[in-house]
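The structure appears right after this line, and notes come after that.
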Amino acid sequence: MANGGADAGNGGGEGTRRSVLVTGGAGFIGTHTALQLLEKGYDVTAVDNFHNSVPEALERVRHIVGPALSTRLHFILGDLTIKEDLEKVFAAKRYDAVIHFAGLKAVGESVAHPEMYNRNNIVGTVNLYDAMKEHGCNKLVFSSSATVYGQPEKVPCVEDSALKALNPYGRTKLYLEEMLRDYQHANPEGRTILLRYFNPIGAHESGEIGEDPRGIPNNLLPYIQQVAVGRLPVLNVYGHDYRTRDGTAVRDYIHVVDLASGHIAALEKLFATPDIGCVAYNLGTGRGTTVLEMVHAFEKAYGKKIPIKMCPRRPGDSEEVYASTEKAERELGWRAQYGVEEMCRDQWKWAAKNPYGYRGSADKKD
Ligand SMILES: NC(=O)c1ccc[n+]([C@@H]2O[C@H](COP(=O)([O-])OP(=O)(O)OC[C@H]3O[C@@H](n4cnc5c(N)ncnc54)[C@H](O)[C@@H]3O)[C@@H](O)[C@H]2O)c1
Ligand SMILES: O=c1ccn([C@@H]2O[C@H](COP(=O)(O)OP(=O)(O)O[C@H]3O[C@H](CO)[C@@H](O)[C@H](O)[C@H]3O)[C@@H](O)[C@H]2O)c(=O)[nH]1
């Protein structure tokens, strides 16, 4: 768990409770983070355009935290690419910090529609930064990704490794990291943390909130989950000739609840460190798991076999990616608590309760 007291967001009384703007707050990682922020005593404003999420997700967050904390969760419907929407967001309140999740994240879609990714991810972030500057908010936690390491030549990935983008999605993250470093250089009073997520999976232990991708999932665990609930017939395992323990590719899967607590730790670091500048941290577990190991871990939680089909490698995939977690442990006082067993347990709990995600049934899907 993140360090810090139970009411770390409440800087000493009702009137001084810290207020955090969470962009993309209705999404997978945004909901889990909003929940922990509320539990930590922060006042949370989520802004989202529901491009890849639904209002029900925030209703579930309210349900989990209960009526008292729910009053501290505010929502504004808005699109970061529309400056007027951001004006509305910043006119509503003064924010002590921003956690910026809003973005598009599907690699394949970014190859087909790079202009959409640049417009949304880059223009949205430029607009957000301008609005923050205009309204005197200088603390930002930005969602970056392990994708900025490209196909790493050496693992574990350390924060000062060479960076490289392999696709338009990755290029938006790499560019935004560089842009935020430039902005920091020009505005030294700013405080920015870039969090490079490895592979977030799992769900809140209640099984009430989780990942709900539209269409056929690209990522491993959402795909396995849909096979388990009968929405897809078989898992295609992409690549079984890698130089790994069992021939399948290795990734660093991290429980979304751990990832959320990493954001609380980053936020607390920003509040505590006036001269932090712009710093990147990996959020992973430091442990690599193969595709087949993940399938077996899920089967253990699910209690049945997942049918699999061995397929050729997926173009652009790396053989082995996992994080060095030393910097986050040392400087943020944060480390992941959960292993793949808990990740799969909670992923299955979410799937079993919500086989069609937030939309409830097959007919309402998409
Ligand atoms: N989930 C992952 O595997 C992963 C890995 C690395 C990095 N990230 C990054 O973390 C962030 C959050 O990811 P997630 O998994 O929660 O994704 P998500 O799609 O579930 O959440 C993103 C949210 O942002 C909203 N949004 C997108 N564009 C917007 C805009 N212009 N204005 C307002 N709202 C907008 C979407 O509707 C969605 O609710 C993203 O920036 C993503 O690139 C995710
Ligand atoms: O149906 C599937 C889906 C995935 N895989 C394999 O599972 C592993 C993990 O794949 P996936 O879940 O898609 O994660 P990554 O390819 O590691 O990419 C994710 O994690 C990166 C690091 O956070 C982000 O940059 C990317 O945007 C995000 O898609 C890879 O070896 C895939 O080939 C399969 O075998 N079958």
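In each ligand, atom 1 is the first atom listed, and ligand 1 is the first ligand listed. Owing to the predicted nature of the structure, the values given are computational and were not obtained by experimental measurement. Positions are given from 1 along the sequence.
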field: Distance filter under 4.0 Å to Leu235 heavy atoms, resulting ligand 2 atoms
entry: 1 (O), 36 (N)
task: Considering only non-hydrogen protein atoms, determine which one is nearest to atom 6 (C) of ligand 2 and report residue, atom name and distance to 0.1 Å.
output: Val291 CG2, 3.8 Å
task: Say whether, by atom type as modelled, one donor and one acceptor occur between the side chain of Glu208 and the main chain of Val61 under 3.5 angstrom.
output: no
- prompt: Should you measure from each heavy atom of Asp317, which atoms of ligand 2 turn up under 4.0 Å away?
  reply: 16 (O), 30 (C), 31 (O), 32 (C), 33 (O)
Parallel, tilted or perpendicular: ring planes of Tyr338 versus His255, cut at 30 and 60 degrees: tilted
- prompt: Between Tyr322 and Arg251, is there a cation-pi geometry (under 6.0 Å to ring centre, at most 45° from the normal)?
  reply: no
message: Just to be sure I'm reading this right: ignoring hydrogens, which of Lys173, His100, His32, Lys105 gets closest to atom 1 (N) of ligand 1? Compare them by their nearest heavy atoms.
response: Lys105
field: salt_bridge(Lys105, Glu211) N-O dist < 4.0 Å
entry: yes
- request: Using a strict 4.0 Å cut-off to heavy atoms of Ala102, name the atoms of ligand 1 that fall inside it.
  value: 24 (O), 26 (N), 29 (C), 34 (N), 35 (C)
message: Considering both backbone and side-chain atoms of Ser144, is one of its nitrogen or oxygen atoms within less than 3.5 Å of a nitrogen or oxygen in ligand 1?
response: no
task: With heavy atoms of Phe50 as the reference, note each atom of ligand 1 found under 4.0 Å away.
output: 37 (O)
field: Subset of ligand 2 atoms that lie under 4.0 Å from at least one heavy atom of Ser145
entry: 22 (C), 23 (O), 24 (C), 25 (O)
message: Please check whether Ala26 reaches ligand 1 - meaning an N/O of the residue sits under 3.5 Å from an N/O of the ligand, judged on distance alone.
response: no
message: Suppose I only count heavy atoms of Leu80 and a 4.0 Å limit; which atoms of ligand 1 are within that range?
response: 30 (C), 31 (N), 32 (N), 33 (C)
- prompt: Charged N to carboxylate O below 4.0 Å: is that the case for Glu159 and Lys327?
  reply: no
query: Which atoms of ligand 1 sit under 4.0 Å from any heavy atom of Ser143?
result: 9 (C), 10 (O), 11 (C), 41 (O)
query: Nearest to atom 12 (O) of ligand 2, what protein heavy atom do you find, and at what distance?
result: Leu220 N, 2.8 Å
- line: A student checking ligand 2 against Tyr253 at a 4.0 Å heavy-atom cut-off should list atoms 8 (C), 9 (C)
query: Would the Tyr358 and Trp350 ring centres measure less than 6.0 Å apart?
result: yes
- request: Give me the ring orientation class for His263 and Phe101: parallel if the planes are under 30° apart, tilted from 30 to 60°, perpendicular past 60°.
  value: tilted
Nearest-neighbour protein heavy atom for atom 16 (O) of ligand 2, which is reported as residue plus atom name and distance: Arg314 NH2, 2.9 Å
Atoms in ligand 2 with a heavy atom of Val107 nearer than 4.0 Å: 27 (O)
Atoms in ligand 2 with a heavy atom of Val237 nearer than 4.0 Å: 35 (O)
message: Within the 3.5 Å criterion, strictly below it, is a donor on Glu109 or Tyr117 matched to an acceptor on the partner's side chain?
response: yes
- prompt: Would you say Ser53 has any N or O atom under 3.5 Å from an N or O of ligand 1, going by distance alone?
  reply: yes
- request: Please work out which of the three classes, parallel, tilted or perpendicular, describes the rings of Tyr302 and Phe298, given edges at 30° and 60°.
  value: tilted
query: Of all the non-hydrogen atoms in the protein, which one sits nearest to atom 31 (O) of ligand 2, and at what distance?
result: Ala249 CB, 3.2 Å
statement: Contacts of Glu153 meeting side-chain contact (heavy atoms from CB on, under 4.5 Å) (sequence neighbours excluded), chain-then-number -> none
statement: Per-atom filter on ligand 1: closer than 4.0 angstrom to a heavy atom of Gly78 are 32 (N), 33 (C)
- prompt: Does the side chain of Met294 reach to within under 4.5 Å of the side chain of Leu220, using non-hydrogen atoms?
  reply: yes
- prompt: Would you call Glu211 a ligand 1 contact, heavy-atom distance under 4.0 Å?
  reply: no
query: For ligand 1, is Pro200 a contact, meaning one of its heavy atoms is under 4.0 Å away?
result: yes
Donor-acceptor contact present, side-chain Asn167 to main-chain Val107, <3.5 Å: no
task: Starting from atom 17 (O) of ligand 2, find the nearest protein heavy-atom neighbour and note its residue, name and distance.
output: Arg251 NE, 2.7 Å
field: Proximity winner for atom 42 (C) of ligand 1, if only heavy atoms of Tyr169, Phe198, Tyr197 are counted
entry: Tyr169
field: Partner of Asp43 under salt bridge (Lys or Arg N to Asp or Glu O under 4.0 Å), chosen from Arg18, Arg94, Lys93
entry: Lys93
- prompt: Looking only at non-hydrogen atoms, which of Asp85, Val123, Thr23, Asp48 approaches atom 36 (C) of ligand 1 most closely?
  reply: Asp48
- prompt: Just wondering, are more than 12 heavy atoms of other shown residues or ligands nearer than 6.0 Å to NZ in Lys88?
  reply: yes
message: Once you restrict to heavy atoms under 4.0 Å, what part of Tyr238 touches ligand 2? Side chain, backbone, both or neither.
response: both
query: When the aromatic ring centroids of Phe50 and Phe75 are compared, is their separation below 6.0 Å?
result: yes
message: Within the 4.0 Å heavy-atom shell around Asn236, which atoms of ligand 2 are there?
response: 1 (O), 2 (C), 34 (C), 35 (O), 36 (N)
- prompt: Applying a strict 4.0 Å limit to heavy atoms, is Ala57 in contact with ligand 1?
  reply: no
- prompt: Under 3.5 Å, N or O to N or O, is Gly24 touching ligand 1 that way?
  reply: no
message: Looking at Gly202, is its backbone amide N or carbonyl O close enough to the side chain of Asp346 to form a donor-acceptor pair, meaning the two atoms are under 3.5 Å apart?
response: no
query: Any N or O of Tyr169 that comes nearer than 3.5 Å to an N or O of ligand 2?
result: no
field: Ring centers of Phe198, Tyr253 separated by less than 6.0 Å
entry: no
- prompt: Between Thr81, Asn49, Thr33, Val47, which one has a non-hydrogen atom sitting closest to atom 30 (C) of ligand 1?
  reply: Asn49
